[in-house]
Peer 1: 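Before I ask anything, here is the structure I am working with.
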Amino acid sequence: MAQKKGDPGDEDNMSDKDSAVVIQPMDNQDSNSDRPISEPHTTPVKEYSNGDLIQVICDNNDLPPPYENLDNNGTGDNDKDSNDKEDNHSLISEKSDKPQAAETEDADSLCSEPHPPHEDWGHKAEYLLAVIGYAVDLSNVWRFPYLCYRNGGGAFIIPYFTTLVFGALPIFFMELCLGQFHREGPITVWKIAPIFKGIGYASCFMAYIVAFYYNVVIGWAFYYLFSSFTMDLPWRHCDREWNSPHCWLLQGGQFNTSENQTTSNMTHAVSRGMLHLHLSSGLEALGGVRWELVLCTLLTFICLYFSLWKGVKSSGKVVYITATMPYLILTILLVRGCMLPGAGEGILYFITPKLDRLNDPNVWIDAAVQIMFSIGAGFGTHIAYASHNKFNNNCYMDCLFTAAVNSFTSIFSGFVVFSYLGYMADRQQKGIDEVAQEGPGLVFIVYPEAIATLPGSSAWAIIFFIMLITLGMDSAFGGLESPLTGLSDKFYHVFKNRYYREILTFVVIGSAFLFSIPCNTWGGMYVFKILDTFAAGTSIVFTVLCQVVAVSWFYGIDQFCADINQMIGFRPGLYWRVCWKFLSPAFLLVIVISSILHYKPLVYEGSSESYVYPGYANVLGWCIAASLMAIIPIYALYYICSAKGKLQQRVALGISPKCEHKEIIEKQDVKRFKRQHWLYI
């Protein structure tokens, strides 16, 4: 199997040798085939050499069977007549009776390169649950409700769905199509434009770094789950060794909030009881290791290993539990929360729109950032997951269904959270805005504090922390599947060992666990905040921006739509094409610029005082972000410098699919240097 020359990033290039390929007509196809069924052909048997699979054009212009051997990535142009009849189609899609074949003159553009072997999902439900579980994570519970209350209540839904429709949804659909059509992971999929392979490396590396601190949060949930197996929850009273004199007490059914008792017990339980943050003075003195948290984090990574070690065979079974259980528990918590005093006021606060807030640009920026990170684009996970789909799977409907479930979960979680916030505000005789917190504080302080006041509080705490664990595990699966699939595909010719997947999974997960240990020291929360702010902030949005530009402008909207047509039988309509080429890049560029312009130096708001990070910590954080973003231009420069030929040819090879490289070298015919390629919408 010979790969095209001109990609210095692939160490597995082989010499181009002649090989004979026989294309033989077949009257029937296997009824179980996932490819479209063609009519019987009468084309005579022909033999071709030079390692190229030449398309046989039949009477009805369909690809000759067997379709499977065409590597699922033909790049021919579609029939011009179908492109000229847009007035008969909707903005969403352009219907086609069957997948379109390439024209005769573009037969050489059909890629015949081998791709790494990929196993399919055991069942369509496994894929849907996996991708939904990845998209629906802890941020749906702890960030979206807070953003709603801060940015105009129900009015926040307007910018949220606007940015979803014109920004996040097209990007999500693009990633699904890339992975499913090429059946390759986030690194090797960039054979469509080799100069941009740095995007794949950056995506995998960011997903790997996120595992350093994201899984620590799941470890915290395990810690409190184990602490909940008692008749009396540890944070119900102020007589623990980690309490300070400023602890709240329950007296007469109300919280005692006198001047000398101004800090909730649950705040002490997190910052002093679990983290031991009071024993660290800052980054300069992180202190000792919290071995209880290290063991809980280790348990998280062990669960991840045995869920991922067999690939989609193992993770596809686990998601039946981890993706469905949160909805069951959220429903139970909502029913119980609605029975509490003050719950109605809390829910009303959540849904009451404050339309004047829509004039604030920060509201729109918050909505854009939230939906981008909630969908989970840019980490390579959707590409990796979709690469295990069958070629003709309807990824279009998968995209719409997943986005709908993700948005529903965010809103549903808001009702759950605000029912308890209303209850807490009623118990503490405060306003809801004084009770609400953002991020981990909401799920590890406010919510457990409310649960502790209920009858049977231990049971409620157990099911609540189980929900947090399952919510986090799904996203952790997806985050680590990106580098695992990426490395497996990139070096599949090296991994000959029967147990290579198990070994690779152990190395990736084991090393991620070791790098997570600094987050489990006494001052580990200070390290956590740096990573959480910079590892996947501006850098991930910049990576997605480069991805959208590379696909829509360099690979080309026309070619990308032709690929989709081959898979699902219709070309994306004008809405998708305009979003991919103009709206989504503009949407992402605004987020990147605003995140830089609105950056504020790091400050950690503790239970008793704030910790202002030293200047070098901010510099270190931006170095982390810059190094991740720099992978993309550095690889592009490496490609240009190491490729052969004149500079113009190197650029041409870099921005063109590998299957067109031979034609570029021999005929100097570069489609990406033609005006119509750039002007097509």
Side-chain angles (χ1 to χ4, degrees), residues 73-103 106 158-181 192-193 364 367-368 371-372 375 377 382 386 392-404 407 544-591 657 671-672 674-681:
N73 52 1
T75 58
D77 295 330
N78 285 289
D79 191 335
K80 295 180 181 179
D81 292 339
S82 65
N83 292 337
D84 294 335
K85 296 181 180 179
E86 292 188 6
D87 56 326
N88 295 327
H89 304 297
S90 69
L91 293 176
I92 303 299
S93 65
E94 297 176 5
K95 293 295 182 181
S96 176
D97 292 336
K98 58 184 72 176
Q100 299 291 315
E103 295 288 347
D106 293 326
I158 297 175
Y160 178 84
F161 279 103
T162 301
T163 53
L164 168 65
V165 171
F166 294 105
L169 189 64
I171 297 169
F172 181 33
F173 185 37
M174 173 182 284
E175 292 198 348
L176 296 187
C177 293
L178 281 175
Q180 181 171 309
F181 183 82
I192 64 174
W364 292 83
I371 190 59
M372 266 300 305
I375 285 292
H382 293 309
N392 293 120
N393 172 65
N394 193 342
C395 55
Y396 175 73
M397 293 305 299
D398 294 344
C399 169
L400 298 181
F401 181 72
T402 302
S407 299
V544 180
L545 171 62
C546 293
Q547 173 182 288
V548 174
V549 171
V551 174
S552 59
W553 286 90
F554 290 89
Y555 185 58
I557 288 294
D558 189 23
Q559 184 58 66
F560 188 53
C561 291
D563 295 346
I564 297 172
N565 185 38
Q566 278 192 331
M567 287 192 299
I568 58 180
F570 65 83
R571 293 172 62 88
L574 186 62
Y575 154 73
W576 296 102
R577 302 198 299 271
V578 170
C579 286
W580 285 329
K581 200 154 189 174
F582 301 108
L583 297 183
S584 293
F587 159 76
L588 294 165
L589 184 61
V590 168
I591 297 178
K671 297 178 182 178
R672 273 80 189 161
K674 298 178 181 179
R675 183 188 302 175
Q676 58 266 34
H677 171 82
W678 300 95
L679 297 181
Y680 179 84
I681 299 178

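What you are looking at is a predicted structure, and each value in this text was computed from that prediction instead of being measured.
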Peer 1: Check for a donor-acceptor pair, side chain of T163 on one end and backbone N or O of Y160 on the other, with a separation under 3.5 Å.
Peer 2: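 Checking the backbone N and O of Y160 against the side chain of T163, a donor-acceptor pair under 3.5 Å is found.
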Peer 1: Step through the shown structure and confirm whether more than 12 heavy atoms of other residues, nucleotides or ligands are within 6.0 Å of CZ on F582.
Peer 2: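 Above 12, so yes.
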Peer 1: Is a donor on one side and an acceptor on the other found under 3.5 Å between the side chain of E175 and the backbone of A377?
Peer 2: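 Such a contact is absent between E175 side chain and A377 backbone.
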Peer 1: Could you check I564 against R571 for side-chain contact (heavy atoms from CB on, under 4.5 Å), going step by step and ending with a plain yes or no?
Peer 2: CA-CA 6 Å; I564 297 172; R571 293 172 62 88; over 6 Å; no
Peer 1: If you take all heavy atoms of I568 and C395, which pair is closest and at what distance?
Peer 2: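 Scanning both residues completely, I find the closest heavy atoms to be CG2-N, 4.3 Å.
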Peer 1: Do any N or O atoms from the side chain of R577 and from the backbone of P572 form a donor-acceptor pair under 3.5 angstrom?
Peer 2: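 Yes, the answer is positive, given that a donor and an acceptor are paired below the 3.5 Å cut-off.
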Peer 1: Should W364 and T162 count as side-chain neighbours, where that means a heavy-atom distance under 4.5 Å?
Peer 2: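 In short, these two side chains touch, coming nearer than 4.5 Å.
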Peer 1: Please report the C-alpha distance between M372 and I171 in whole Å, then the side-chain angles of each, then the deciding distance to 0.1 Å, and finally whether the side-chain contact (heavy atoms from CB on, under 4.5 Å) criterion is met.
Peer 2: CA-CA 9 Å; M372 266 300 305; I171 297 169; 4.1 Å; yes
Peer 1: Of all the heavy-atom pairs spanning C579 and P170, show the shortest one and how long it is.
Peer 2: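 Scanning both residues completely, I find the closest heavy atoms to be CB-CG, 3.6 Å.
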Peer 1: I'd like to know whether the aromatic ring centres of F166 and F587 sit less than 6.0 Å apart in this structure.
Peer 2: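 Here the rings of F587 and F166 have centres that are no less than 6.0 Å from each other.
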Peer 1: Minimum heavy-atom separation for A368 to I591, with atom names?
Peer 2: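 Here A368 and I591 meet closest at CB-CD1, 3.6 Å.
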Peer 1: How far apart are the closest heavy atoms of Y396 and F173, and which atoms are they?
Peer 2: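 Scanning both residues completely, I find the closest heavy atoms to be CA-CE1, 3.5 Å.
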Peer 1: Quick check against the 3.5 Å criterion: does S552 have a side-chain atom that pairs as donor or acceptor with the backbone of W580?
Peer 2: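 It does hold such a pair.
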Peer 1: Please tell me if the side chains of I681 and I557 come closer than 4.5 Å, counting only heavy atoms from C-beta onward.
Peer 2: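 Contact flag for I681/I557 side chains = no.
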Peer 1: Evaluate the side-chain contact (heavy atoms from CB on, under 4.5 Å) criterion for residues V165 and Y575: first the C-alpha distance (whole Å), next the side-chain angles of each, then the deciding distance (0.1 Å), finally the verdict.
Peer 2: CA-CA 10 Å; V165 171; Y575 154 73; 3.6 Å; yes
Peer 1: With heavy-atom distances below 4.5 Å as the criterion, would you say the side chains of D563 and Y555 are in contact?
Peer 2: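 Touching, per the 4.5 Å side-chain cut-off.
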Peer 1: Apply the test salt bridge (Lys or Arg N to Asp or Glu O under 4.0 Å) to residues K671 and D558: give CA-CA distance (whole Å), side-chain angles for both, the deciding distance (0.1 Å), then the verdict.
Peer 2: CA-CA 12 Å; K671 297 178 182 178; D558 189 23; over 6 Å; no
Peer 1: Is there a donor-acceptor contact under 3.5 Å from the side chain of K581 to the main chain of G556?
Peer 2: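 Checked: no pair found.
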Peer 1: Rounded to the nearest 0.5 Å, what separates atom CG in L545 from atom OG in S584?
Peer 2: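 Interatomic distance, L545 CG to S584 OG, rounded to 0.5 Å: 10.0 Å.
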Peer 1: Which heavy atom in I375 sits nearest to a heavy atom in H382, and how many Å separate them?
Peer 2: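 The answer is O-NE2, 2.8 Å.
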Peer 1: Is the backbone of F554 close enough, under 3.5 Å, to the side chain of H677 for a donor and an acceptor to pair up by distance?
Peer 2: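 Present.
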Peer 1: Can you tell me how far apart CZ (F181) and CG (L178) are? Round to the nearest 0.5 Å.
Peer 2: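 Taking CZ in F181 and CG in L178, the distance rounds to 10.0 Å.
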Peer 1: Can you list the steps and then say if F560 with M174 is a side-chain contact (heavy atoms from CB on, under 4.5 Å)?
Peer 2: CA-CA 9 Å; F560 188 53; M174 173 182 284; 3.9 Å; yes
